[in-house]
Amino acid sequence: MKEMSKSEVSIIIPAYQPDDKMINVIKNLVKAGFPDLLVVDDGSEESHNHIFEEIQKIPECTLLKHPINRGKGAALKTAIAYFLNNRPDKRCVVTVDADGQHLTKDIEAVANAALNSEKIVLGVRNFSNPGVPARSKMGNRITSIVFRLFFGMRIKDTQTGLRAFPQKYLPELLNVEGDRYEYETNMLFFMNRRNIPFKQVEISTVYLDDNKSSHFRAVRDSVRIYALILKYLFSSIASAVIDELLFYIFKGFSFLLFIPIPLTYTAAFLARVVSSFVNYAINAKHVFHGNVNRKTMVRYYTLAVLQIAVSASLVFLTEHIFRITSLTLITLVKTAIDTILFFFSFRIQHKWVFHNTKREGKESVR
């Protein structure tokens, strides 16, 4: 691998209530030869002013400020926008956390990989190493499984803050939604939707004081991170409830509505028509942030018909190949098949049905 020129790289360091560890991070990067460091004070309290005053004395540092705390995502966007407007000679940026958990050698490795490959590079930690806090290990394991099931992405460390981005991807990343920790997750959603190539570079796993310096709020920030998937689950459950309720009404009370429905399948068909449109509308407007129009509707119902056909065919084949006669067992088989198709349906809706229906990057949580 060709050795990089550090003059082609800008380091971005978002900071909120930092301590002396950030100064050490910056001094180590300067000592290693990085000439351009963009530090964002994300509305830190006055008690931390002395940290930023010392940083301003370092010639290689440019200090950007938010008057109030806006979140890590907003800080990253501020630095990216500044980079695009003021660093035309640079080829990539590397985002680094301020708490000292990213070692200089790893920052160099990630930057070098990005410059040589022109891919987005994720510096991933090994969570099987001893000393990793239990909440971090469990949180990453769950999120990695979710990413693989819903997006088909094999990412070893979904919450890594050490990432390198070639300059060509930065304008679009400014449009990715999210102002706090969810922004880093939404970047991955965006990469998946656009099929942007990326690579993973293993880095040292460093946790200081059991990660007590982290400003991550377990419940609130986790909800933000998983919001896209949670909204998809809500949409699916809501449409299923509507489907069952309308079937009950159409079948049992059709005489009150003056609708002649003599056959059960007719009631089921009408209920599915209404519930599927509700599911389509919710997914378009609130889950994948697309448009309700002819193009997305045709795609959605094409997928729906194919999904029903595949489900029925697989259930039929399973029933006859394995000579299943138990109603309970074949129902369980159908449930398993539909669950698998549920995940594939999410991926297809995310990457095809509602793709490019609005400005790129609007597929994520708010």
Side-chain angles (χ1 to χ4, degrees), residues 4-112 114-115 123 159-165 167 170 173-174 179-181 183-184 203-204 206-209 211-216:
M4 69 170 170
S5 170
K6 294 185 176 73
S7 63
E8 298 178 297
V9 179
S10 290
I11 304 294
I12 292 176
I13 306 176
Y16 176 63
Q17 316 287 43
D19 55 23
D20 290 336
K21 289 194 289 290
M22 183 173 72
I23 295 178
N24 292 331
V25 170
I26 290 172
K27 288 182 177 180
N28 288 334
L29 288 170
V30 171
K31 184 178 179 180
F34 286 100
D36 187 43
L37 283 70
L38 306 178
V39 181
V40 183
D41 174 8
D42 186 28
S44 300
E45 296 174 359
E46 291 184 4
S47 59
H48 297 266
N49 283 352
H50 68 284
I51 300 290
F52 294 106
E53 289 171 0
E54 185 169 346
I55 288 172
Q56 284 185 297
K57 297 176 184 178
I58 301 174
E60 291 83 359
C61 288
T62 299
L63 181 62
L64 309 172
K65 290 191 175 184
H66 288 166
I68 60 172
N69 176 247
R70 293 171 52 194
K72 186 178 183 181
L76 290 173
K77 290 178 183 178
T78 293
I80 290 172
Y82 183 90
F83 173 88
L84 290 172
N85 290 326
N86 297 278
R87 300 292 189 268
D89 57 322
K90 306 293 184 184
R91 289 178 55 200
C92 82
V93 301
V94 179
T95 63
V96 176
D97 289 345
D99 56 8
Q101 294 190 28
H102 299 146
L103 303 184
T104 303
K105 66 180 182 65
D106 292 328
I107 297 169
E108 291 176 317
V110 167
N112 201 39
L115 289 175
Q159 294 303 308
T160 176
L162 179 54
R163 303 176 178 188
F165 301 95
Q167 189 274 344
L170 295 177
L173 287 175
L174 282 177
D179 284 339
R180 298 193 177 275
Y181 285 102
Y183 177 66
E184 292 179 308
I203 62 174
S204 303
V206 179
Y207 282 98
L208 305 174
D209 300 324
N211 207 28
K212 292 179 180 177
S213 63
S214 174
H215 298 288
F216 185 84

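Ile26 and Cys61 get closest at one heavy-atom pair: CG2-SG, 3.5 Å. Of all the heavy atoms in Phe52 and Pro18, the pair that sits closest is CZ-CG, 3.5 Å. Arg163 and Val110 get closest at one heavy-atom pair: C-CG1, 4.1 Å. Of all the heavy atoms in Leu174 and Tyr183, the pair that sits closest is N-OH, 4.3 Å. Contact record, Ala15 with Met22: CB-SD, 3.4 Å, taken as the closest heavy-atom pair.
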Counting only pairs under 3.5 Å, give me each side-chain donor-acceptor contact of residues 31-42, with atom names and distances, residues two or more places apart or in other chains.
{"unit_1": "Asp36", "atom_1": "OD1", "unit_2": "Arg87", "atom_2": "NE", "d": "3.2"}
{"unit_1": "Asp36", "atom_1": "OD1", "unit_2": "Arg87", "atom_2": "NH2", "d": "3.0"}
{"unit_1": "Asp36", "atom_1": "OD2", "unit_2": "Ser10", "atom_2": "OG", "d": "2.5"}
{"unit_1": "Asp36", "atom_1": "OD2", "unit_2": "Arg87", "atom_2": "NE", "d": "2.8"}
{"unit_1": "Asp41", "atom_1": "OD1", "unit_2": "Gly43", "atom_2": "N", "d": "3.4"}
{"unit_1": "Asp41", "atom_1": "OD1", "unit_2": "Ser44", "atom_2": "N", "d": "3.0"}
{"unit_1": "Asp41", "atom_1": "OD1", "unit_2": "Ser44", "atom_2": "OG", "d": "2.9"}
{"unit_1": "Asp42", "atom_1": "OD1", "unit_2": "His66", "atom_2": "ND1", "d": "2.8"}
{"unit_1": "Asp42", "atom_1": "OD1", "unit_2": "Arg70", "atom_2": "N", "d": "2.9"}
{"unit_1": "Asp42", "atom_1": "OD2", "unit_2": "Asn69", "atom_2": "ND2", "d": "2.8"}
{"unit_1": "Asp42", "atom_1": "OD2", "unit_2": "Gly71", "atom_2": "N", "d": "2.9"}

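Between Ile203 and Leu103, the closest side-chain pair of non-hydrogen atoms is not below 4.5 Å. By the 4.5 Å heavy-atom criterion applied to side chains, Leu84 and Gln167 are counted as neighbours. Lys105 has its side chain within reach of Ser204: a pair of non-hydrogen atoms, C-beta onward, lies under 4.5 Å apart. Residues Ile107 and Asn28 fail the side-chain proximity criterion, which asks for heavy atoms closer than 4.5 Å. With contacts defined as side-chain heavy-atom distances shorter than 4.5 Å, the pair Lys21/Gln101 does not qualify.
Note: Leu76 CG to Phe165 CZ = 8.0 Å, rounded to the nearest 0.5 Å. Atom NZ in Lys72 sits 13.0 Å away from atom CZ in Arg180 (nearest 0.5 Å). One distance of note links CD1 of Ile51 with CG of Asp19; it measures 6.5 Å at 0.5 Å rounding. Taken to the nearest 0.5 Å, the CD1 atom of Ile13 stands 11.0 Å off from the CG atom of Leu63. Interatomic distance, OG of Ser7 versus CG of Asp89, reported as 7.5 Å (0.5 Å rounding).
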**OP:** For the pair Leu162 and Val94, evaluate side-chain contact (heavy atoms from CB on, under 4.5 Å) and give the outcome as yes or no after the intermediate values.
**Re:** CA-CA 7 Å; Leu162 179 54; Val94 179; 3.7 Å; yes
**OP:** Check the pair Lys77 / Leu173 against side-chain contact (heavy atoms from CB on, under 4.5 Å), numbers first and verdict last.
**Re:** CA-CA 8 Å; Lys77 290 178 183 178; Leu173 287 175; over 6 Å; no
**OP:** Report the C-alpha separation of Val25 and His102 in whole Å, then their side-chain angles, then the decisive distance to 0.1 Å, and conclude whether the side-chain contact (heavy atoms from CB on, under 4.5 Å) test is met.
**Re:** CA-CA 8 Å; Val25 170; His102 299 146; over 6 Å; no
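Panel note: side chain Glu45, backbone Gln17; no donor-acceptor pair is recorded below 3.5 Å. Judged by distance alone, the side chain of Asn85 and the main-chain N or O of Ala81 form a donor-acceptor pair under 3.5 Å.
For residues 48-60, every residue pair satisfying the salt bridge (charged side-chain N to carboxylate O under 4.0 Å, His left out) rule, not counting sequence neighbours, is listed here: Lys27-Glu54.
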